[in-house]
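First up is the structure itself, then whatever we jot down about it.
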Amino acid sequence: MTTDRPVIEFDHLSAEYAADPLGVYRGVRSRCPVAWTEAHGGYWVASAYSTVFAASRDDKTFSSKKGRHGDIDYTGVVIPSEPSLPLLPIEVDPPELHPFRKVLNPAFGPKAVARLAPEIERFTAWCVDQVIESGEIDFVEDLASPVPAVATLLLVGLPVTDWQRYSRAFHGLAANAPGSAEYTEALELIHSIAGMARSEIADRRLHPKDDLLTTLTQAEIGGRRLEDAQIASILTTTLGGGIDTTTALIANALVYLDKHPEHRTRLATDDAFMSSFCEEMLRYYSPVQGFARTVTKDTELGGCTLQRGDRVFLSWAAANHDPLAFEQPEEIVPDRFPNRHTSFGIGSHRCIGSTLARAEFAVVVREVLRRMPDYTLVDGAVPYSNIGTVNGWHRLPARFTRGRPVGATS
Ligand code: HEM
């Protein structure tokens, strides 16, 4: 064990990071698999696969909790921490986490996603119908943003007609720096959504339906029904987890395929190839770049001594490009196998929506490649200026040979 504290210049929310995340991590990793930055009040950055893996699997030492407990101010899962109540279930540690996952898991499993698939396909075809005769599309606005929003709303049971409101709110939160006007506006929108969700919760208590909201109103944890505030918190996490993340994954894949049209025909028809391609897009672009933990007791990680109360940023993105874990880590290998990426997290909080995200990805990318097989991106693409939360795009305009609508209903 060493008490050395290698200090690095690092801020996952900075413009330098957004411009070259792989280069930044290359530099950081070469210094130390775990290093300290003074940004945002100071935090450790875990950048090697081994350290990210070890910390993610040790909830007792690396806590997702938020708020003051004993003499520690817990950060929750984002740095800088938001002045709000802990989000359920993502900011709860085991064993309290387990009953929440038990209630939630069936609604996100393969059977539930298979039931949603026809609606996701129909809505995707409808989105393409809206633009197919014009020969022009903004892949983010017209497709990659609406589809995950609608799919997530369908899953939870909120009205899908409001998808733009949800999409704007979570897009705004992910794409802008904490403290900016856009970020504050997005936060206000999310609070108003949480208020609106309460009337839906009241409705489900009286009129149960076949949706996650109803499951939550009927669920008991520790012999007690969930309170409205707990259900609203789970909804916020689910919407936040489900909407902008998958948008970013799809958008980055369409950027890659713009430069690599040689994969298009095979992807449109070969499901196994689509599946490995999706995993490689997840690995390479790491839609969620990292999440934070708070250290509960003095410990050692990657040769450094971390102290009780310290904060750590577990970088999924850095782990995904660690040369000790992946061959050619900075190359995109569409049929890479095995591909043990960390993009859905590791351990007890591993993404509950991964099956849904993969399904949406395949539906949208296939629909694009079948109906606009010759698309090319045109001027006007705008990446997020801050990718430390979600590595996404604001705009992605493209042109393609015009086609005919298939008459899909929304
Ligand atoms: C490409 C898409 C996605 C990515 C990259 C992603 C990434 C992640 C990651 C890294 C975590 C782990 C958090 C942690 O360890 O602290 C997570 C958790 C979570 N995700 Fe996703 N996610 C995606 C899609 C979705 C979807 C579609 C949904 C729901 C509709 C969703 C809902 C959640 C929820 C509720 C959690 C918290 C689980 C828990 O705390 O036990 N995610 N996600």
Side-chain angles (χ1 to χ4, degrees), residues 46 51-70 72-79 81-82 84-110 112-113 152 155-156 190 194 197 201 211-243 245 288 290-297 299 301 306 308-316 319 342-357 389:
T51 54
V52 170
F53 189 86
S56 313
R57 291 179 59 94
D58 180 2
D59 308 280
K60 281 204 168 73
T61 314
F62 297 93
S63 167
S64 296
K65 267 201 309 227
K66 182 169 182 184
R68 184 94 185 163
H69 297 271
I72 299 183
D73 276 324
Y74 288 80
T75 291
V77 293
V78 291
I79 293 175
S81 191
E82 280 301 329
S84 59
L85 291 172
L87 278 174
L88 291 172
I90 201 164
E91 291 177 329
V92 169
D93 290 331
E96 287 92 321
L97 169 70
H98 296 319
F100 286 101
R101 287 292 293 229
K102 204 168 161 204
V103 166
L104 289 168
N105 281 341
F108 293 85
V113 172
T152 310
L155 184 137
V156 298
I190 287 166
I201 296 166
D211 58 22
L212 177 62
L213 260 177
T214 304
T215 305
L216 292 172
T217 55
Q218 295 175 346
E220 284 190 8
I221 290 186
R224 295 179 60 187
R225 286 272 164 103
L226 292 179
E227 293 165 12
D228 285 7
Q230 291 177 299
I231 299 176
S233 180
I234 293 171
L235 286 185
T236 307
T237 311
T238 305
L239 294 166
I243 294 182
T245 51
V288 177
F291 272 133
R293 300 289 189 260
T294 306
V295 179
T296 60
K297 57 177 188 247
T299 190
L301 186 69
L306 281 56
R308 196 161 180 269
D310 282 352
R311 303 180 303 168
V312 190
F313 183 70
L314 303 180
S315 175
W316 319 124
T342 62
S343 292
F344 286 125
I346 297 166
S348 39
H349 285 283
R350 195 183 173 282
C351 180
I352 201 168
S354 59
T355 309
L356 179 60
T389 311

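Counting begins at 1 with the first residue of the sequence.
Closest non-hydrogen pair, P99 versus P95, comes out as CD-O, 3.4 Å. Closest heavy-atom contact between G309 and I72: CA-CG2, 3.9 Å. Residue R225 comes nearest to T217 through the heavy atom pair CD-O, 3.3 Å, listed as atom of the first residue, atom of the second, then distance. Contact record, L88 with S233: N-OG, 2.9 Å, taken as the closest heavy-atom pair. Closest approach of A112 and P106 over heavy atoms only: CB-O, 3.5 Å. The shortest non-hydrogen separation linking V77 to I90 is CG1-O, 3.8 Å.
A donor-acceptor pair is defined here as one N or O able to donate and one able to accept, closer than 3.5 Å; such a pair exists between the side chain of R308 and the backbone of T296. Between the T245 side chain and the G241 main chain, a donor and an acceptor come within less than 3.5 Å of each other. In this structure, the side chain of T294 does not engage the main chain of R311 through any donor-acceptor pair within 3.5 Å. Using a distance-only test at 3.5 Å, with no hydrogens or angles considered, no donor-acceptor pair links the side chain of D59 to the main chain of P94. For the pair T299 (side chain) and V295 (backbone), a donor-acceptor distance under 3.5 Å is absent. Distance alone, capped at 3.5 Å, places no donor-acceptor pair between the H349 side chain and the D93 backbone.
By the neighbour-count criterion of 12 heavy atoms within 6.0 Å, atom CZ of R57 is sparsely surrounded, having that number or fewer from other residues, nucleotides or ligands. No more than 12 heavy atoms of other residues, nucleotides or ligands sit less than 6.0 Å from atom CZ of R224.
Taking CZ of F313 as the start and CZ of F291 as the end, the distance is 9.0 Å to the nearest 0.5 Å. Between L314 atom CG and S64 atom OG the span is 8.5 Å, to the nearest 0.5 Å. We find the CZ-CG distance between F100 and N105 to be 13.0 Å, quoted to the nearest 0.5 Å. Here the straight-line distance linking atom CG of L212 with atom OG1 of T152 works out to 11.0 Å at 0.5 Å rounding. The distance from atom CG of D310 to atom CG of L301, rounded to the nearest 0.5 Å, is 11.0 Å. The structure places CD of E91 at 7.0 Å from OG of S84, a figure rounded to the nearest 0.5 Å.
Side-chain atoms of D58 and T61, non-hydrogen and from C-beta on, do get closer than 4.5 Å to each other. Contact check for V288 versus W316: side-chain heavy atoms found under the 4.5 Å cut-off. With contacts defined as side-chain heavy-atom distances shorter than 4.5 Å, the pair I234/L104 qualifies. Counting heavy atoms from C-beta outward, I201 and L213 have side chains that approach closer than 4.5 Å. No side-chain heavy atom of L356 sits under 4.5 Å from any side-chain heavy atom of F108.
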- Task: Report the C-alpha separation of D211 and V156 in whole Å, then their side-chain angles, then the decisive distance to 0.1 Å, and conclude whether the side-chain contact (heavy atoms from CB on, under 4.5 Å) test is met.
- Result: CA-CA 6 Å; D211 58 22; V156 298; over 6 Å; no
- Begin from the C-alpha positions of I352 and R101 and carry the test side-chain contact (heavy atoms from CB on, under 4.5 Å) through to its verdict. CA-CA 8 Å; I352 201 168; R101 287 292 293 229; 3.9 Å; yes
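Geometric assessment of K66 against the ring of Y74 yields a negative cation-pi assignment under the 6.0 Å and 45° thresholds.
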